[in-house]
Asker: 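Pasting a structure here, questions to come.
Count residues from 1 along the sequence.
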Amino acid sequence: MLENKTVLLGVTGGIAAYKAVEIASRLRKQGAIVKTIMTASAQELVQPRLFQEITGNPVSTSMWAEIPNLQTKHIALAQEADCLLIAPATANIIGKIASGIADDMLSTTVVALPDTTPRYIAPAMNTQMYKNKVVQENLRRLKDLGWHIITPATGRLACGAEGLGRLPEPVDIVNVLQDMEETREADLQGKKVLVTAGGTREAIDPVRYIGNHSSGKMGYALAKAAQLRGAEVVLVTAPTNLPVPHGVEVVAIETAEELRQAVLKYYPEQDIVVMAAAVADYRVKVQSDKKIKKDAEELQLTLVKNTDILRELGEKKTKQILVGFAAETHNLTAYAKEKLQKKNLDFIVANDVTKPGAGFGSDTNIVQIIRPEAVQNIPKMSKEALADLIFDEIAKI
């Protein structure tokens, strides 16, 4: 939580500097103590007085401003901070930090920051600037040095172009900080975790597909929970409308076979695999390369069975902890126990999708966690809470 934590907010001279005002406001509403450092370029876009009024604290703008006490200001700010956020971060400040340059108040404070202080940076710039090899190399260096990189959003940029480089919405940035600053036991530190999410799609023709009602919410909650507990996470996801969890490697797929290929690629090096995706059991035998016209009263499709990915993983299992999901409409426990045995799982999470609060698209779930020796009934809870509970059970193994 951010309550009573001192957040050092660095604002640089990107067009998105105006969004930093809302970031400061939202941090304050979360109970954080916000202290702002603005570069000279940022002051050309937003007045420091605005941040002062929002945060209730003086704004640092220069190395040479009058010091109200005997403490050296940049050292004092660095020592007070519980975490540092730079938003927006220009290519200039990214390059300075990566190179160890300290030539203004913000960059000097960064150099003075204790190694244990969490630090976050939210790049925002033109797409071509963001993709520049030097900028990307600098970001990789910062990541290696322990910085949390908040991935830019895609959309319309100030220059009029469409692409990657927008500063994420302030609410999303604050949520990243809040999530990362939650006190969690890092029991998955050093572990590699793969999670699958969403419902796969099997094309009928270029405009139609066979799919299911999975929203991906459970899988995304699992990926986020694993990352917050210190794991290195790969999320293999079918199409969803969900924001990507911070710090997670995402592999986008559509079909069951694409999911299979992605999972098999990463599987040998994983410690934990949680298969939460709703994978289509069948695909169309012959996919039309043109849109099928609705001339006939009936349309017959021949379906062929997809590979049982979970069973294949169970057969290939060496060191991995393997967890499956079973979405059923009846005979929940019996069907789930059968899957548990046939697919060589450590345990299976089963839910009756006909129950209110447990179906596809819901923010909550009601499940059974089934092992060979026991069935554990879990009451209705948020998918985020359930994701943590699942990893609690994995940690016991």
Asker: Answer yes or no: is there an ion pair linking D172 with R26, defined by an N-O contact shorter than 4.0 Å?
Answerer: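 Result for this pair is no, no salt bridge flagged.
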Asker: Surrounding CZ of R311 (heavy atoms of other residues, nucleotides or ligands, distance under 6.0 Å), is the total greater than 12?
Answerer: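 It does not: R311 CZ has 12 such atoms or fewer within range.
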Asker: What do the steps show when you test T318 against Q320 for side-chain hydrogen bond (donor to acceptor under 3.5 Å, both in side chains), and what is the final call?
Answerer: CA-CA 6 Å; T318 53; Q320 297 89 352; 3.2 Å; yes
Asker: Kindly indicate, with the supporting measurements, whether the criterion side chain to side chain contact (heavy atoms under 4.5 Å, CB included) is fulfilled by N175 and Q178.
Answerer: CA-CA 5 Å; N175 283 343; Q178 192 162 15; 4.2 Å; yes
Asker: Which is it for D187 and K396 under the salt bridge (charged side-chain N to carboxylate O under 4.0 Å, His left out) test, yes or no, and what are the steps along the way?
Answerer: CA-CA 10 Å; D187 52 2; K396 292 176 184 177; over 6 Å; no
Asker: With distance as the sole test, does D82 use its side chain to make a donor-acceptor pair with the main-chain N or O of T6 at under 3.5 Å?
Answerer: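 Confirmed, D82 side chain pairs with T6 backbone.
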Asker: With the threshold set at 4.0 Å, does a side-chain nitrogen-carboxylate oxygen contact exist between E22 and K19?
Answerer: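 Looking at K19 together with E22, the answer is no, because their closest N to O distance does not fall below 4.0 Å.
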Asker: Before you tell me yes or no, could you show the steps for Y267 and K317 under side chain to side chain contact (heavy atoms under 4.5 Å, CB included), namely the whole-Å CA-CA distance, both residues' side-chain angles and the distance that decides it to 0.1 Å?
Answerer: CA-CA 9 Å; Y267 190 57; K317 186 165 71 166; 3.6 Å; yes
Asker: Is the number of heavy atoms from other residues, nucleotides or ligands within 6.0 Å of OH (Y209) greater than 12?
Answerer: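 Not buried by this count: 12 neighbours or fewer within 6.0 Å.
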Asker: Out of curiosity, K343 NZ to L313 CG, how far, rounded to the nearest 0.5 Å?
Answerer: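 The NZ atom of K343 sits 10.0 Å away from the CG atom of L313.
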Asker: Below 30° counts as parallel, above 60° as perpendicular, anything between as tilted: where do the rings of Y335 and H330 land?
Answerer: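 Ring orientation of Y335 relative to H330: perpendicular.
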Asker: Calculate, to the nearest 0.5 Å, the distance between atoms CG and CG belonging to L8 and L84 respectively.
Answerer: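 If we round to the nearest 0.5 Å, L8:CG and L84:CG are 5.5 Å apart.
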Asker: Does a side chain donor of either T307 or E312 reach within less than 3.5 Å of an acceptor in the other side chain?
Answerer: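 The answer is no; no qualifying pair exists.
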Asker: Under 3.5 Å, which donor-acceptor pairs do the side chains of residues 269-294 form with other protein atoms, sequence neighbours left out?
Answerer:
| unit_1 | atom_1 | unit_2 | atom_2 | d |
| --- | --- | --- | --- | --- |
| Q270 | OE1 | V193 | N | 3.3 |
| Q270 | OE1 | L194 | N | 3.3 |
| Q270 | NE2 | Y266 | O | 3.3 |
| D271 | OD2 | K192 | N | 2.8 |
| R283 | NH1 | K305 | O | 3.3 |
| R283 | NH1 | N306 | OD1 | 2.9 |
| S288 | OG | K290 | N | 3.2 |
| S288 | OG | K290 | O | 2.6 |

Asker: When rounded to the nearest 0.5 angstrom, what is the spacing between CD1 in I54 and OG1 in T36?
Answerer: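 Atom-to-atom, I54:CD1 and T36:OG1 are 10.0 Å apart.
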Asker: If you apply the rule side-chain hydrogen bond (donor to acceptor under 3.5 Å, both in side chains), what do you find for T237 with Y220, and how did you get there?
Answerer: CA-CA 9 Å; T237 177; Y220 276 60; 3.0 Å; yes
Asker: Just how far is it from atom CG of L340 to atom CG of L345, taken to the nearest 0.5 Å?
Answerer: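 Reported value, rounded in 0.5 Å steps: 5.5 Å.
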Asker: Can you name the closest pair of heavy atoms from I150 and P168 and give their distance?
Answerer: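 That closest heavy-atom pairing would be CG2-CG, 4.1 Å.
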Asker: If you count every heavy atom of other residues, nucleotides or ligands that lies below 6.0 Å from E373 atom CD, does the total exceed 12?
Answerer: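 Enclosed.
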Asker: Is T255 reaching over with its side chain to a backbone N or O of E202, donor-acceptor style, under 3.5 angstrom?
Answerer: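 No, because the side chain of T255 does not come within donor-acceptor range (under 3.5 Å) of the backbone of E202.
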Asker: Is there a side chain to side chain contact (heavy atoms under 4.5 Å, CB included) between I309 and L264 once you walk through the steps?
Answerer: CA-CA 9 Å; I309 303 169; L264 289 176; over 6 Å; no
Asker: If you apply the rule salt bridge (charged side-chain N to carboxylate O under 4.0 Å, His left out), what do you find for K96 with D104, and how did you get there?
Answerer: CA-CA 10 Å; K96 282 185 182 181; D104 64 3; 3.5 Å; yes
Asker: Would you please test I173 and L85 for side chain to side chain contact (heavy atoms under 4.5 Å, CB included) and show each step?
Answerer: CA-CA 9 Å; I173 291 175; L85 166 67; 3.9 Å; yes
Asker: Okay, side chain of T90, backbone of G13: is any donor-acceptor separation there less than 3.5 Å?
Answerer: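 Looks like no, no N/O pair under 3.5 Å.
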